[in-house]
Trainee: 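Take a look at the following structure, please.
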Amino acid sequence: MPELPEVETVRRGLAPAMMNVQIDRVEQRRLDLRFPLPPNFSARLSGQTIRDLRRRAKYLIAEMSNGESLVMHLGMSGSFRVDTHKPGLFHHRRQHAAAHDHIVFHLSTGMRITYNDPRRFGFMMLIPTPELNTHPYFAKLGVEPLSKDLDANFLAQAFQSKKTSIKSALLDQYLIAGLGNIYVCEALFEARLSPLAVAGDLVSITGAPSKKLMCLPPAIKDVLQRALLAGGSSLRDHRQTNGALGYFQHHFKVYDREGSACRRSACSGIISRIRQAGRSTFYCPRCQK
DNA sequence: ACACTATCCTGCAGGC
DNA sequence: TGCCTGCAGGATAGTG
């Protein structure tokens, strides 16, 4: 599920509860998610104070007071829930763990942060904070799409002589870090670009971005920003940390709209679904060229 | 260098 | 009602 807008929504929900708060203990309800959890996971986190909670691409990074950082990835179905544990009260209503609640952080404030992940494609790692930038998971990551690093000149340089489709190129986390299947489809629609276009064909021989490519960075930023305002997209698993749904799925122009009418005014196209690199692509063949 | 596939895992929708 | 198939927001390893 979680692409940049969902991960950032989660970060904004977690930050008030976690920032400058101590972790009392960590309840580890399984030994592994996608990978085995780090050795002594609970012990290494217990007693630490969370100094910062950042996002890089689709990763959440909680910097601890002991110099280690907890790096978390939500995979396809990961979510966090924040609630308050009230000991003594409501004794008759024991707070049961929900299915797929794998990790619970008990904070000194009485708040609990519960990580739920049905498919367990998510993972958590502990990395010494000074090594984050050189760690294999981060060293090669591409630009943040909402930063000014993402502009037409950057894309021209990134796409030059690339024979892969623009759809696949935008999904490549080593070029742009944080886009996923939904927002790539939506951004290509905004930019009126066919997902089948060859990335390198959008760059002139001199290395300058074509006019079509110039539309893409603003389209990407616009889609991501609107999704952020909506709290992300909830297809099945994504929740804000208070349990609320995101609602950007109601604003999709192409994603999951196969067979429906194109929403661009004066376009009479029908949204198509094709398969690219093993993933569904949704687009309007009439107005995306 | 590139494209495609299978893989990890669970849940759900659709067809019969 | 149930069984089966395919598909899902990600990312990697292996193949040709």
Side-chain angles (χ1 to χ4, degrees), chain A residues 1-11 29-37 55-60 71-80 98-103 115-125 135-142 145 158-188 195-201 220 223-224 227-228 230-240 245-252 254-259 273-282:
Chain A
M1 131 277 134
E3 307 180 32
L4 187 152
E6 290 77 31
V7 178
E8 179 61 22
T9 295
V10 167
R11 191 199 69 77
R29 306 190 65 237
R30 352 179 5 119
L31 293 174
D32 64 307
L33 295 172
R34 177 175 185 159
F35 309 117
L37 284 152
R55 178 192 58 74
R56 170 73 171 112
K58 299 171 191 171
Y59 295 91
L60 289 170
V71 172
M72 299 170 279
H73 194 292
L74 304 180
M76 288 278 255
S77 58
S79 64
F80 282 99
H100 309 299
D101 280 354
H102 302 311
I103 308 282
Y115 179 68
N116 183 284
D117 188 354
R119 294 178 72 181
R120 260 183 286 128
F121 288 175
F123 55 89
M124 297 189 188
M125 308 180 289
H135 190 275
Y137 275 91
F138 294 98
K140 290 158 65 183
L141 280 181
F159 291 171
Q160 190 160 38
S161 72
K162 272 215 182 297
K163 299 221 167 59
T164 190
S165 68
I166 184 85
K167 163 80 188 305
S168 294
L170 290 176
L171 279 176
D172 184 346
Q173 302 297 299
Y174 298 127
L175 299 177
I176 303 176
L179 296 179
N181 207 32
I182 291 177
Y183 298 106
V184 165
C185 291
E186 293 297 316
L188 286 170
L196 295 160
V198 174
D201 288 355
I220 291 169
V223 166
L224 293 179
L228 267 172
S233 305
S234 291
L235 296 188
R236 38 180 79 75
D237 297 305
H238 170 62
R239 290 285 185 285
Q240 304 188 42
L245 296 168
Y247 55 88
F248 192 70
Q249 66 277 13
H250 303 303
H251 299 282
F252 290 166
V254 289
Y255 188 84
D256 208 18
R257 296 196 64 243
E258 180 188 19
R273 172 203 193 119
I274 58 173
R275 204 147 188 86
Q276 288 180 290
R279 325 263 326 253
S280 284
T281 298
F282 299 88

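Within every chain, numbering begins at 1; the chains are lettered A, B, ... in the order of the sequence lines, protein sequences first and strands thereafter.
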Trainee: Quickly work out the A:Asn116 CG to C:dG9 C1' distance and round it to whole Å.
Mentor: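 Rounded to the whole Å, the gap is 15 Å.
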Trainee: Where the side chain of A:Lys162 is concerned, which of C:dC7, C:dG10, B:dC2 is the nearest nucleotide?
Mentor: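 When the side chain of A:Lys162 is considered, B:dC2 is the closest of C:dC7, C:dG10, B:dC2.
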Trainee: Once you round it to whole Å, what is the distance between P of B:dG14 and CG of A:Asp256?
Mentor: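 So the CG-P distance, A:Asp256 to B:dG14, works out to 11 Å.
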Trainee: Is it true that a side-chain atom of A:Gln173 and a backbone atom of A:Ala57 form a donor plus acceptor pair closer than 3.5 Å?
Mentor: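 No: the side chain of A:Gln173 does not pair with the backbone of A:Ala57.
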Trainee: Whole-Å distance between C:dA13 P and A:Phe35 CZ?
Mentor: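 Between P of C:dA13 and CZ of A:Phe35: 9 Å.
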Trainee: Classify A:Phe248 by what it touches in the nucleic acid, base, sugar-phosphate, or nothing, heavy-atom distance under 4.0 Å.
Mentor: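 Since no nucleic acid heavy atom lies under 4.0 Å of A:Phe248, the category is nothing.
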Trainee: Do A:Ser280 and A:Arg273 have a side chain donor and acceptor closer than 3.5 Å?
Mentor: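 The criterion, which ignores hydrogens and geometry beyond distance, is satisfied for A:Arg273 and A:Ser280.
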Trainee: From C-beta outward on A:Tyr174, which listed nucleotide comes closest to its side chain: C:dC7, C:dT12, C:dA11?
Mentor: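 Between C:dC7, C:dT12, C:dA11, the one nearest the side chain of A:Tyr174 would be C:dT12.
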Trainee: Answer with base, sugar-phosphate or nothing: what part of the nucleic acid does A:Tyr255 contact at a heavy-atom distance below 4.0 Å?
Mentor: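 Sugar-phosphate only.
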Trainee: Angle class for the A:Phe123/A:His73 ring planes (parallel below 30°, perpendicular above 60°, tilted otherwise)?
Mentor: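 Ring orientation, 0 to 90° scale: parallel.
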Trainee: Tell me the interatomic distance from A:Arg119, atom CZ, to C:dG10, atom P, rounded to whole angstroms.
Mentor: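 Going from CZ in A:Arg119 over to P in C:dG10 covers 10 Å.
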Trainee: Using OP1 and OP2 only, check whether a side-chain N or O of A:Ser77 sits under 4.0 Å from B:dG11.
Mentor: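 For B:dG11, neither OP1 nor OP2 has a side-chain N or O of A:Ser77 closer than 4.0 Å.
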Trainee: Ring of A:Phe121 versus six-membered ring of C:dG10: centres under 5.5 Å and planes under 30°?
Mentor: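 Base of C:dG10: stacked against A:Phe121.
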Trainee: Taking the side chain of A:Ser280 as its heavy atoms from C-beta onward, which of C:dT12, C:dA8, B:dA3 lies nearest to it?
Mentor: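 Nearest nucleotide to the side chain: C:dA8.
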Trainee: Looking at B:dC9, B:dG11, C:dG10, which one has an atom nearest to any side-chain atom of A:His73?
Mentor: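 Nearest listed nucleotide: C:dG10.
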Trainee: Counting distance only, does the side-chain N/O of A:Glu8 pair as donor-acceptor with the main-chain N or O of A:Pro5 below 3.5 Å?
Mentor: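 Pair absent, no side-chain N/O of A:Glu8 close to backbone of A:Pro5.
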Trainee: If you round to the nearest 0.5 Å, how far is CZ of A:Phe252 from OH of A:Tyr183?
Mentor: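 With rounding to 0.5 Å, OH (A:Tyr183) is 5.5 Å from CZ (A:Phe252).
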Trainee: Grab the CD1-C1' distance between A:Ile182 and C:dC7 for me, whole Å please.
Mentor: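 After rounding, the gap between these two atoms is 14 Å.
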Trainee: Across all strands shown, which nucleotide pairs with C:dT5 by Watson-Crick or G-U wobble geometry, both distances under 3.5 Å?
Mentor: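 Paired with C:dT5, as far as the under-3.5 Å criterion goes, is B:dA13.
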Trainee: Across the strands shown, which category fits A:Ser168 at heavy-atom distances under 4.0 angstrom: base, sugar-phosphate, nothing?
Mentor: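 If one applies the 4.0 Å heavy-atom cut-off, A:Ser168 turns out to touch nothing in the nucleic acid.
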Trainee: Given C:dA11, C:dG9, B:dT10, which nucleotide is nearest the side-chain atoms of A:Gln173?
Mentor: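 For A:Gln173, the side-chain atoms sit closest to C:dA11.
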Trainee: DNA chain B: A:Ala99 or A:Gln276, which has the more 5' nearest nucleotide?
Mentor: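 The residue mapped nearer the 5' terminus is A:Gln276.
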Trainee: In whole angstrom, what separates A:Leu179's CG from C:dA11's P?
Mentor: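 That distance rounds to 11 Å.
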Trainee: Rounded to whole angstrom, note down the C1' distance from B:dA6 over to C:dG6.
Mentor: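 That atom pair is separated by 15 Å.
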Trainee: Are A:His100 and B:dG11 close enough that a side-chain N or O sits under 4.0 Å from OP1 or OP2?
Mentor: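 Indeed, a polar side-chain atom of A:His100 lies that close.
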Trainee: Rounding to a whole Å, what distance do you find between A:Asp172:CG and B:dA3:P?
Mentor: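 Answer to the nearest Å: 11 Å.
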Trainee: Is the phosphate of B:dA3, meaning OP1 or OP2, less than 4.0 Å from a side-chain N or O of A:Lys163?
Mentor: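 It does not, given that no N or O in the side chain of A:Lys163 lies less than 4.0 Å from OP1 or OP2 of B:dA3.
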Trainee: Once hydrogens and angles are ignored, does a donor-acceptor distance under 3.5 Å link the base of C:dA8 to the side chain of A:Arg279?
Mentor: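 Side chain to base: no pair present.
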Trainee: Taking donor-acceptor contacts at under 3.5 Å, does the side chain of A:Arg120 reach the base of B:dC9?
Mentor: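 Answer no: no donor N or O sits under 3.5 Å from an acceptor.
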Trainee: Could you go through the side chain to side chain contact (heavy atoms under 4.5 Å, CB included) check for A:Asp117 and A:Leu74 one step at a time?
Mentor: CA-CA 8 Å; A:Asp117 188 354; A:Leu74 304 180; over 6 Å; no
Trainee: Quick one: A:Leu170 CG to C:dG10 C1', roughly how many Å, whole number?
Mentor: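 Atom CG in A:Leu170 sits about 16 Å away from atom C1' in C:dG10.
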Trainee: Look at all strands and tell whether A:Arg34 reaches a base, only sugar-phosphate, or nothing, counting heavy atoms closer than 4.0 Å.
Mentor: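 Counting heavy atoms under 4.0 Å across all strands, the contact made by A:Arg34 includes a base.
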Trainee: Between C:dG9 and B:dA3, how far apart are the C1' atoms? Round to whole Å, please.
Mentor: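 Between the two C1' atoms, the distance is 22 Å.
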Trainee: So, OP1 or OP2 of C:dA8: does either fall under 4.0 Å of a side-chain N or O from A:Arg275?
Mentor: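 Yes, A:Arg275 has a side-chain N/O under 4.0 Å of OP1/OP2 on C:dA8.
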Trainee: Judged by each residue's nearest nucleotide on DNA chain C, which is more toward the 5′ side, A:Ser234 or A:Tyr59?
Mentor: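 The answer here is A:Ser234.
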Trainee: Quickly, which of A:Ile103, A:Val71, A:Leu60 forms a side-chain contact (heavy atoms from CB on, under 4.5 Å) with A:Met124? Name it, please.
Mentor: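 Only one of A:Ile103, A:Val71, A:Leu60 forms a side-chain contact (heavy atoms from CB on, under 4.5 Å) with A:Met124, namely A:Ile103.
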